[in-house]
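By convention in this document, chain letters (A, B, ...) are assigned in the order of the sequence lines, proteins followed by strands, and residues within each chain are numbered from 1.
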Amino acid sequence: MGRKLLLTHIDVPGIQSYSVYKAQGGYRSVDKALKSMSPDDVVEEVKKSGLRGRGGAGFPTGMKWSFLAKPEGVPRYLVCNADESEPGTFKDRYLMTHIPHALIEGMIVSSYALGAHTSFIYVRGEMMPQIRILEKAIAEAKAAGYLGKNILGSGYDLELYVQPGGGAYICGEETALLESLEGKRGNPRIKPPFPAIAGLYGCPTVVNNVESIAATVPIINDGGEEYAKIGIERSTGTKLISAGGNLAKPGVYEIELGLPVEEFIYSDEYCGGIANGKKLKAVVAGGSSVPILPANLITKTIKGDARLMTYESLADGGFQSGTMMGSGGFIAFDEDQCIVRNTWNFTRFYRHESCGQCSPCREGTGWMEKVLYNIEHGRGTTNDIDLLWDIQRKIEGNTICPLGDAAAWPVAAAIRHFRDEFEWHINHGQEAQNRNYGLAHYADPLEVVTES
Amino acid sequence: MLNVKENLIVDFSPSLLEKFSEIVARYPEGRQKSALLPVLHEVQAVYGWLSVDAMDKVAHYLAIQPIEVYEVATFYSMYFLQPQGKYMLEVCRTGPCCLVGAEKIMDHLEGTLGVKEGEVTSDGLFSWRGVECLAACGFGPVLQIGPEYTFYENLTPDSVDELIGKLKTEAQAKD
């Protein structure tokens, strides 16, 4: 059994409540930090842990915290990014639903480290049940003296609020989230200045993912060095993986980083293989924006090494033959699934969620969707694949925020690894039109070729 | 330009105004515009949608311009600018849910309710639409129903029929 740090008490009845959570050792990190550590000590432990942002970017959390500007007389803010909406990813929803106090505890410790006296958890609006759960947990923590004025007699004050979003994927981008929290459309800001200098209301702000903040609890409890002993190299600690698609046992799993991908897919402790005894065709390993990989490349690198669940191993081979850890949204496709239809579906998502601020993203996502729709529905033309390749290249890297990249990468990877499926659709128009729900016709991916 | 065909003149109740003031108190002095999204959720939970009059009154309450409210209400997918059925069934139609049958669920809903996406049934009870990723990919297909946004997971045509029957009974009991 892999070691668990975040979901340790997931099966304890009533763990949602303060009393049960506390009885299981909850809030020890707050006691320890506020009574025996300075804010800088807390930052130092997080640095030592090697924790990397669990929202998708994988930037070292301690380093991000150390960038925070600390001008005198200006408030600082911690904002938790709980706007989880990357297709394939549902770990934060799971954590907030089942162990809300783990997030509240992490928010208190992290806010203390950053010198924030007002903190917000920005939750996507559709998660209204989770919002209610968090509000109840905050009220319980406050009644127990862990929030409000002079927490545990330490002289430290903190108010914590939950802010609902309005249903916009783009608000998962940190500056769009801050715009939304200020009551505006979620249009990303141009960086610099980064939020650490000018964030919420123009004040120094740190934005962290739910899982990153919850991970500070075991880091403070056991020390950063202990946390860093778990995992491999620069991928330390545990990671929540949301497993969906055609898996026998979809769900949220906490893994020690370094677990072989093959074991994650096929072991009974985790996903239990592919549903209905079918074969694995492809995997999106880190949420819809990361490149899709055919089955042979998700379990082994191009060099033939076992692919591991680490930031480095998943990225091995770059975008030619590798992918990314991203947010840990692991989507498995069985042999009957149609990559073209899925690519069209993902592109529709990005067209729908583009904020419209940058022309390449606003126009490009819609254009790609139209071309993909035509190919999928048997009305593609011979130059459509080249056209798609050209459009995605013109979006990538040419937008204010990474949504443009997120829209471009799935298209590029699908063409790179499953070009024959696109060609089949174009050459078998009538047959493609007669299919129901995207049943497949090709199960084998192309051999990997390195682009010049 | 706002694509609004109807308007509903509203008068916020004292309890709703009290909720507004609790929300505004979360933010620093002068930053009451931050309350806009949560306040709009509260308004929509009461009236089912956001009329121009309701948005104008929110603008007045928060001391901001009406255009600032329209900008937000039109940007985010959760706000309705026209009346919907009493129950709006929102089915996740993004990739992972489609891998496990979301498109079939949407087809089934259309057939069972007899209305196309975005339309309202003649009895005013139901609307449905496809929405983008609901972050429940491991439990797909899923749908949600506001204003509490209750989730219904691992849907099948039979469980959808059962849900619709339950909602009809619930609506009759309330009448």
Side chain to side chain contact (heavy atoms under 4.5 Å, CB included) between A:Arg185 and B:Thr74, intermediate numbers included | CA-CA 9 Å; A:Arg185 298 165 69 112; B:Thr74 53; 4.1 Å; yes
Mind telling me whether A:Phe90 and B:Phe139 have parallel, tilted or perpendicular rings, with 30° and 60° as the class edges?
->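 Rings of B:Phe139 and A:Phe90: perpendicular, as their planes differ by over 60°.
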Sort [X] into side chain, backbone, both or neither according to what part of it lies under 4.5 angstrom from a heavy atom of chain B.
| X | value |
| --- | --- |
| A:Glu86 | backbone |
| A:Ser242 | neither |
| A:Leu200 | neither |

Taking side chain as C-beta onward, heavy atoms only, is B:Ser34 less than 4.5 Å from A:Phe120?
->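 No, every pair of side-chain atoms sits at 4.5 Å or beyond.
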Is the closest side-chain heavy-atom distance between A:Arg348 and B:Glu132 below 4.5 Å?
->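 Contact flag for A:Arg348/B:Glu132 side chains = yes.
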Is the shortest distance from a Lys or Arg side-chain nitrogen in [X] or [Y] to a carboxylate oxygen in the other one below 4.0 Å?
| X | Y | answer |
| --- | --- | --- |
| B:Lys33 | A:Glu179 | no |
| A:Arg341 | B:Glu103 | yes |
| A:Glu159 | B:Arg26 | no |

Taking non-hydrogen atoms and a cut-off under 4.5 angstrom, which of residues 246-254 of chain A neighbour chain B?
->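 Answer by number: A:Asn246, A:Pro250.
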Relative to chain A, which of B:Leu134, B:Leu62, B:Val131, B:Val100 shows the most heavy atom pairs under 4.5 Å?
->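 Highest number of pairs under 4.5 Å: B:Leu134.
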Among B:His41, B:Arg93, B:Glu68, B:Glu71, who wins on heavy-atom pairs under 4.5 Å with chain A?
->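 The answer is B:Arg93.
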Top contributor to chain B interface from A:Pro75, A:Gly166, A:Gly244 [non-hydrogen pairs under 4.5 Å] =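 Top count of heavy-atom pairs under 4.5 Å with chain B: A:Gly166.
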Where on B:Glu148 is there a heavy atom nearer than 4.5 Å to chain A: the side chain, the backbone, both, or neither?
->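 Both the backbone and the side chain of B:Glu148 come within 4.5 Å of chain A.
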Determine whether the side chains of A:Thr118 and B:Tyr27 contain a donor N or O and an acceptor N or O closer than 3.5 Å.
->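 B:Tyr27 and A:Thr118 do not have a side-chain donor-acceptor pair below 3.5 Å.
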